[in-house]
Amino acid sequence: MTPTRSARAPALAVVGATGAVGSVLLRMLSQRADVWGDIRLIASSRSAGRRLAVRAEETEVLALTEDAFDGLGEGDVALFLTPAEVSARWVPVVTARGVAVVDQSPAFREDPEVPLVVPDVNGHAVRNRPRGIVAGPDCVTAAMTAAVGALHAEYTLAELAVSTYQAASAAGRAGSETLRRQLSLVAGTTLGEQPGDVRRAVGEDTGPFAAPLALNVVPWSGELREDGWSSHELAVRAQTRRILDLAELPVAVTCVLVPVLAGHSLTVRARFEAEVDAVRAREVLDAAPGVVLVDDPAAGEFPTPSDAAGTDPVWVGRVRASLDDPRSLEFFVCADNLRQGAALNATRTAELIADEFRYFTL
């Protein structure tokens with residue numbers, strides 16, 4: 001008898017469907033190839049009962065309870081776009097049913113039994129998930145490793161130094177709303193020229209940020225850790241090592257928040273085991289999946305976050321050999337943090353898992 005493909009498409013549960021990343025992901029599901037059967041939208045009890053469009057259909061949002069996962073099991077996938085404490089509580093409940101989970105929170109990123117995946121860099125790792133979980137990195141790491149991973153495959157990475165320029169939406173809707181509010185308070189004024197004038201105008205409520213973000217940059221993201229490092233800086237370091245499978249890679253990170261609504265940017269200095277040629281490096285980046293090279297400074301062409309916002313690729317430019325080290329390369333990276341850095345990474349990872357479930361039956 002000739003094998004035939006099973007007609008059953010895997011179901012997809014989107015947990016955290018009403019959040020900032022969830023909203024982007026739902027639009028994305030309507031734009032990408034349809035590999036899913038039933039799609040369930042799940043969120044907190046505050047959002048239960050809302051109706052959201054996905055694949056041109058109105059779908060009711062279910063409250064996050066065990067009942068929301070009834071009927072799901074082996075061969076199905078759940079995407080968690082939730083805070084770490086929610087993922088830590090509910091992901092084991094879902095995997096106990098045999099459902100494969102893609103979790104975008106920090107809850108499982110350091111677990112050695114949970115692969116940390118950027119599809120274009122280490123997509124093969126989704127196949128080995130002893131706990132039934134695949135973790136996605138934070139949006140800074142996802143964007144950076146897409147570019148750095150391609151260069152690592154060519155030259156073998158030896159050291160990395162990174163500064164980030166992170167958008168307000170990294171803090172979700174609260175971050176975007178805070179920046180918009182602060183911009184309205186300073187627009188049309190002469191603020192920003194005297195000590196403390198922006199801080200006085202903004203007031204004590206700086207939202208999720210450590211200082212006013214309008215007319216300012218804030219060199220801090222995360223919680224304080226030993227020796228003055230932030231938790232986010234250490235997380236980017238640890239995640240990069242895991243994704244590239246370079247456990248001892250020296251990585252230095254400085255995280256900075258900037259008054260941009262969408263689109264993270266990074267300056268990267270990458271040092272390799274061998275001498276690097278900038279012309280060849282541009283060719284490698286230009287051919288890398290998910291990467292777009294925009295690199296003609298003479299014509300004013302280089303990536304900016306406002307150009308990257310709303311797009312899927314990682315944009316790379318300002319590629320140049322270091323002046324003082326023939327083994328080092330300097331370049332600039334931009335990506336939409338909600339789309340490429342979160343929703344797209346999660347969606348593509350889930351699609352890789354779904355592909356495993358397209359089995360043949362007799």
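A quick note: this is a predicted structure, and the numbers were derived from the prediction, not measured.
Hydrophobic clustering of Ile, Leu, Val, Met, Phe, Trp and Tyr side chains at less than 4.5 Å, counting indirect connections, keeps Val140 apart from Trp229. Follow the hydrophobic side-chain contacts under 4.5 Å out from Val260 and you never reach Leu179; the two are in separate clusters. The hydrophobic clustering, which links ILVMFWY residues whose side-chain heavy atoms are closer than 4.5 Å, places Leu72 and Ile39 apart. Under the 4.5 Å side-chain contact rule for hydrophobic residues, Val114 and Val101 share a cluster. In the hydrophobic cluster analysis, where Ile, Leu, Val, Met, Phe, Trp and Tyr join through side-chain heavy atoms closer than 4.5 angstrom, Val268 is grouped apart from Val294.
Residues that satisfy the salt bridge (charged side-chain N to carboxylate O under 4.0 Å, His left out) test with Arg97, not counting sequence neighbours, are Asp70.
Atom CD of Glu74 has 12 or fewer neighbouring heavy atoms from other residues, nucleotides or ligands inside a 6.0 Å radius. Shown here is Leu323, whose CG atom has no more than 12 heavy atoms of other residues, nucleotides or ligands within 6.0 Å. Atom CG of Asp111 has more than 12 neighbouring heavy atoms from other residues, nucleotides or ligands inside a 6.0 Å radius. The neighbour count for Glu301 CD, taken as heavy atoms of other residues, nucleotides or ligands under 6.0 Å away, is above 12.
Side-chain atoms of Thr267 do not come within 3.5 Å of backbone N or O of Phe332 as any donor-acceptor pair. Looking only at distances, no side-chain donor or acceptor of Ser30 sits under 3.5 Å from a matching main-chain atom of Val54. In this structure, the side chain of Asn122 engages the main chain of Val118 through a donor-acceptor pair within 3.5 Å. With hydrogens and angles ignored, the 3.5 Å screen pairs a side-chain donor or acceptor of Arg237 with a backbone N or O of Val251. Between the side chain of Glu154 and the backbone N or O of Val284 there is no donor-acceptor pair closer than 3.5 Å. No side-chain donor-acceptor contact under 3.5 Å links Ser176 to the backbone of Arg173. Checked by atom type and distance alone, the side chain of Asp277 pairs as donor or acceptor with a backbone atom of Arg280 at under 3.5 Å. A distance-only check finds a donor-acceptor pair linking the side chain of Arg51 to the backbone of Glu58 [under 3.5 Å]. Gln182 contributes no side-chain N or O that, together with a main-chain N or O of Val202, makes up a donor-acceptor pair within less than 3.5 Å. One N or O on the side chain of Arg40 and one on the backbone of Ala68 form a donor-acceptor pair closer than 3.5 Å.
Nearest heavy atom pair, residue Ser87 against residue Ala107, reads CB-CB, 4.0 Å. Residues Asp197 and Gly192 approach most closely at OD2-N, 2.9 Å, considering heavy atoms. Nearest approach of Leu261 to Ala167, heavy atoms of both residues: O-CB, 3.6 Å. Ala17 approaches Leu26 most closely through the heavy-atom pair O-CD1, 3.9 Å. Residues Ala278 and Val319 share a closest heavy-atom pair of O-CG1, 4.4 Å. The two residues Asp295 and Gly317 have their closest heavy-atom pair at OD1-C, 3.9 Å.
Atom CG of Leu234 sits about 12.0 Å away from atom CD of Glu223, to the nearest 0.5 Å. Of the inter-residue distances, the one linking Ile42 atom CD1 with Trp90 atom CH2 reads 9.5 Å to the nearest 0.5 angstrom. Separation of atoms OG (Ser322) and CG (Leu329) is listed at 6.5 Å; rounding is to 0.5 Å. The distance from the CZ atom of Arg181 to the CG atom of Leu213 is 11.0 Å, given to the nearest 0.5 Å. Annotation: the span from Trp36 atom CH2 to Arg55 atom CZ amounts to 10.0 Å, rounded to 0.5 Å. In this structure, Arg199 CZ and Thr206 OG1 are separated by 7.5 Å, a value rounded to the nearest 0.5 Å.
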Please assess Ile353 against Arg129 for the test side chain to side chain contact (heavy atoms under 4.5 Å, CB included), listing each intermediate value before the final yes or no.
CA-CA 10 Å; Ile353 297 173; Arg129 46 181 192 277; 3.6 Å; yes
Side chain to side chain contact (heavy atoms under 4.5 Å, CB included) between Trp315 and Val292: does it pass, once the steps are laid out?
CA-CA 5 Å; Trp315 300 81; Val292 174; 3.3 Å; yes
When you look at Leu41 and Arg50, which way does the side chain to side chain contact (heavy atoms under 4.5 Å, CB included) test go after all the steps?
CA-CA 10 Å; Leu41 307 183; Arg50 291 177 57 185; over 6 Å; no
In sequence, state the C-alpha distance, the side-chain angles, and the governing distance for Arg131 and Thr95, and then conclude on side chain to side chain contact (heavy atoms under 4.5 Å, CB included).
CA-CA 8 Å; Arg131 295 190 59 185; Thr95 56; over 6 Å; no
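Between Val121 and His152, the closest side-chain pair of non-hydrogen atoms is not below 4.5 Å. Looking at Phe69 and Val93, their side chains never come closer than 4.5 Å, going by heavy atoms from C-beta outward. At least one side-chain heavy atom of Leu29 sits under 4.5 Å from a side-chain heavy atom of Leu12. Between Val162 and Val236 there is no side-chain heavy-atom pair separated by less than 4.5 Å. Looking at heavy atoms from C-beta onward, Asn216 lies out of side-chain contact with Pro259 at the 4.5 angstrom threshold. The closest side-chain heavy-atom distance from Phe80 to Ser105 is not below 4.5 Å. Gln239 has its side chain within reach of Leu116: a pair of non-hydrogen atoms, C-beta onward, lies under 4.5 Å apart. Using a 4.5 Å cut-off on side-chain heavy atoms (C-beta onward), Arg225 and Glu233 make no contact.
Taking the charged nitrogens against the carboxylate oxygens, Glu177 and Arg180 have no contact shorter than 4.0 Å, which rules out a salt bridge.
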Validation: residues 142-151 side-chain donor-acceptor distances under 3.5 Å, sequence neighbours left out:
unit_1, atom_1, unit_2, atom_2, d
Thr145, OG1, Thr141, O, 2.7
Thr145, OG1, Ala142, O, 3.4

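Residue pairs that meet the salt bridge (Lys or Arg N to Asp or Glu O under 4.0 Å) test with at least one member in residues 318-345, sequence neighbours left out, are Arg269-Asp324, Arg269-Glu330, Arg271-Asp325, Asp312-Arg339.
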